[in-house]
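Keep in mind that what you see is a predicted model, and the values were worked out from it rather than measured. Every heavy atom of this structure was used, including side-chain atoms; hydrogens, water molecules and symmetry mates were not.
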Amino acid sequence: MKEGQTKMAQSALFIIFGGTGDLAYRKLYPSLFRLYEKGYLKDDFAVIGTARRPWTDEHYHEVVMNAIADDGHESDRTNSELAHKFASHFYYQSHNVNDTEHYVALRNLADKLDAKYNLKGNRIYYLAMAPRFFGTIAGHLKSEKLITDHGYNRLIIEKPFGRDLQTAKDLNDAISAAFSEEQIYRIDHYLGKEAIQSIAALRFGNEVIGSLWNKAHIDNIQITLAESLGVEERAGYYETAGALRDMVQNHILQIVSLLTMEEPKAYTASELRDRKVEALRNIKIYSPEEALQNFVRGQYGEDADHEQLDYRHEEGTDENSQIETFVAGKLETESPSLAGVPIYVRTGKRLAQKSTQISIVFKDLKQNIFANSESDTKLAQNVLTLFIEPDQGYRFDINVKSGEQSYGVMPIHLDYHKSAAKKAKVPEAYEKLIHDALDGNRTNFAHWHEVAQAWRIVDVVRKTWDKQDADFPNYVSGTMGPEAAEELLRRDHRTWVYNPKR
Ligand code: NAD
């Protein structure tokens, strides 16, 4: 079986640590159900949910059914025969991850279910828990012999993967003592998004686009991950993270690697990983001075109508918080085909609009033959925009004759937007990623070398910022961030292509 080839009806035991948590409820149970509906999981699978709460199997079944109902659109989804059958594969084991004896109980249950459901020793351990537990769990899985010697054993872990390179290394060493790199599936859910996976198809599936994707034609690349909401109920976590760690180190740098990597020889996990690692190693690591020049931080204040709280007055935040809710930066690549093309990145909370989009801005024509015509037309730059979410699609800005008597030229957009019906058919990121993990396909998971290099890139920014207090808050909620983010491009005689007003 080739990498990435889909198999039907897999046999596997899922052991979900953090089975009573938010991630399991909102993402994992609904995704597993969708895989069951589609036949990727059939009779030969079982799930053990573990957490500290003393739940019974019956209660666990109810929780799983409610999770499916909350996710679904059909009102009778929970009561369907299929949902009942699905939930009957779930088992709950009360478990404290620090207690060695609990792993013995877990192993006995796992072995029993292996025999009952014909699981062939295939196990997927999903750590839907705080990362501080990862090392303890991985170590116990090995020492208490949950890891089977027939069948496969795969460990799926969630972000955040460390707080900086050193803590990421420590975490990686801890899990690597029990699992090899090939057995570790690091989730970056952006890599599960259809529109992110489509970047490779766009670049390497089109002669026209592929041949323009280089420093001869591209002026700059812009990536925006904008959220309109504030910190909501995540202040506890956010106060320890901030936008740089929460969004730039993982999602944004993964997108940068997909946009700037050289062409893989084939679309396989190993080829893609090598090209992505290479792309990240081609991103310049700044000195502290360069970091200050090329990165801007922000924290939201109230909105213009004083109706929304500023970050420092949100529940659970520090009244003098130095945590950034906005980051903009300019990255430089030394990749052979894109060297010298600046990559501007931006992410933040409480911005004008929720949208993730990428703009590839092409160079000005060397010569404008219309410049001397009666209308003295200026030509707009060609821009290729990739809409990632919530909208999914593409827009290409080109110049055409304006339709007037004189030879005026004006820009138009060639637009493609996925319809709601088509979007609804696209599997959700977690569904795709769990399916890939079942398949043993690591194409859309982050390799350790990618994670480590991404930390090297952001660590210098973090450390430089941590040495001096910022003048926060510095942007009005509902705008696109602080003035300094505009200045970052203005000084290069450029502007952000995406510039919504609320
Ligand atoms: P949560 O707080 O809702 O759940 C944590 C789970 O861990 C609970 O089931 C809890 O009972 C269990 N737990 C805690 N201490 C334990 C112990 N000593 N022994 C056994 N079980 C214990 O957290 P969550 O939101 O589900 O997030 C889980 C992980 O996923 C975190 O690393 C988080 O950063 C990451 N994550 C979550 C989301 C999300 O949408 N919730 C998104 C991305 C990443």
Side-chain angles (χ1 to χ4, degrees), residues 1-19 24 28 31-32 35-36 38-50 57 85-86 88-93 95 97 99-129 133-157 172-187 268-270 273 433-445 447-448:
M1 172 95 25
K2 281 189 189 156
E3 275 178 328
Q5 204 170 325
T6 303
K7 286 182 274 182
M8 292 299 283
Q10 309 242 4
S11 55
L13 172 67
F14 289 84
I15 303 184
I16 299 179
F17 291 86
L28 308 189
S31 297
L32 286 169
L35 293 174
Y36 187 69
K38 291 174 185 169
Y40 296 124
L41 294 173
K42 242 177 168 173
D43 301 327
D44 298 348
F45 88 99
V47 179
I48 302 178
T50 77
D57 285 347
K85 233 174 120 192
F86 170 74
S88 74
H89 289 252
F90 282 65
Y91 296 78
Y92 187 81
Q93 173 84 51
H95 176 91
V97 296
D99 189 333
T100 304
E101 280 190 11
H102 284 186
Y103 291 87
V104 178
L106 202 56
R107 185 187 65 216
N108 291 339
L109 178 59
D111 290 346
K112 200 173 98 189
L113 296 178
D114 197 297
K116 178 170 176 180
Y117 290 100
N118 186 29
L119 304 178
K120 306 188 176 87
N122 293 334
R123 290 185 184 172
I124 295 185
Y125 312 93
Y126 201 122
L127 308 194
M129 290 186 61
F133 296 116
F134 292 177
T136 309
I137 298 173
H140 278 97
L141 290 176
K142 186 173 183 192
S143 66
E144 303 317 306
K145 302 192 171 48
L146 272 107
I147 297 176
T148 57
D149 46 20
H150 56 300
Y152 60 69
N153 290 268
R154 296 175 185 152
L155 182 75
I156 306 185
I157 52 179
N172 203 51
D173 288 348
I175 57 176
S176 299
F179 291 88
S180 69
E181 178 64 28
E182 284 62 43
Q183 294 175 310
I184 302 172
Y185 291 69
R186 294 180 195 81
I187 292 241
T268 62
S270 51
R273 178 202 57 218
L433 294 174
I434 294 174
H435 176 261
D436 285 353
L438 268 167
D439 238 0
N441 179 355
R442 295 166 67 236
T443 310
N444 297 306
F445 293 86
H447 188 277
W448 163 243

Show the nearest heavy-atom pair for residues Arg186 and Asn172, with the distance to one decimal. NH2-OD1, 2.8 Å

Tell me whether Arg442 contacts the main-chain N or O of His447 through its side chain, where contact means a donor paired with an acceptor under 3.5 Å. no

Starting at CG of Asp436, measure out to CZ of Arg154 and round the result to the nearest 0.5 Å. 10.5 Å

From CA spacing to verdict: side chain to side chain contact (heavy atoms under 4.5 Å, CB included), Leu32, Tyr126: CA-CA 12 Å; Leu32 286 169; Tyr126 201 122; over 6 Å; no

Sub-3.5 Å donor-acceptor pair from the side chain of Asp57 to the main-chain atoms of Tyr91, do we have one? no

Given 3.5 Å as the limit, does a donor-acceptor pair link the side chain of Asn122 with the main chain of Ser11, or not? yes

Under 3.5 Å: donor-acceptor pair, side chain of Tyr152, backbone of Ile124: no

In terms of heavy-atom contacts, Val104 and Glu144 come closest through CG2-OE1, 3.9 Å

Would you check if Leu35 and Gln10 make a side-chain contact, meaning some heavy-atom pair closer than 4.5 Å? no

Within-4.5 Å side-chain heavy-atom neighbours: Leu438 and Leu41: yes

Which value, rounded to the nearest 0.5 Å, describes the distance between Asp439 atom CG and Ile434 atom CD1? 13.0 Å

Nearest heavy atoms of Ile16 and Ala24, plus distance in Å: CG2-CB, 4.4 Å

When you look at NZ of Lys38, are more than 12 heavy atoms from neighbouring residues, nucleotides or ligands closer to it than 6.0 Å? yes

Side chain to side chain contact (heavy atoms under 4.5 Å, CB included), that's the test. Do Phe133 and Leu127 meet it? Break it down for me. CA-CA 9 Å; Phe133 296 116; Leu127 308 194; over 6 Å; no

What closest approach, in Å, do Ser88 and Tyr117 show between heavy atoms, and which atom pair accounts for it? O-OH, 3.6 Å

Examine distances only and state if a side-chain atom of Gln93 and a backbone atom of Leu109 form a donor-acceptor pair shorter than 3.5 Å. no

Plane angle bin for His95 and Tyr103 - parallel if under 30°, tilted between 30 and 60°, otherwise perpendicular: perpendicular

Is the backbone of Ile147 close enough, under 3.5 Å, to the side chain of Arg123 for a donor and an acceptor to pair up by distance? no

Hey, is the main chain of Thr148 close enough, under 3.5 Å, to the side chain of Asn153 for a donor-acceptor pair? yes

What orientation do Tyr36 and Phe45 show, parallel under 30°, tilted 30 to 60°, or perpendicular over 60°? tilted

Just verifying a value: how many Å separate Asp173 CG and Trp448 CH2, rounded to the nearest 0.5 Å? 7.5 Å

Spacing of Ile175 atom CD1 and Thr136 atom OG1 [to the nearest 0.5 Å]: 12.0 Å

Looking at Leu106 and Ile15, what are the two nearest heavy atoms and their distance? CD2-CG2, 4.2 Å

Quick check for you: to the nearest 0.5 Å, what is the distance between His89 atom NE2 and Ile48 atom CD1? 14.0 Å

Could you give the distance from CD1 (Ile187) to CG (Leu433), rounded to the nearest 0.5 Å? 5.0 Å

Looking only at heavy atoms, which two atoms of Ile184 and Ser176 are closest? And how far apart? CD1-OG, 4.3 Å

Would you confirm whether Tyr125, through its side chain, and Leu146, through its main-chain N or O, come within 3.5 Å as a donor-acceptor pair? yes

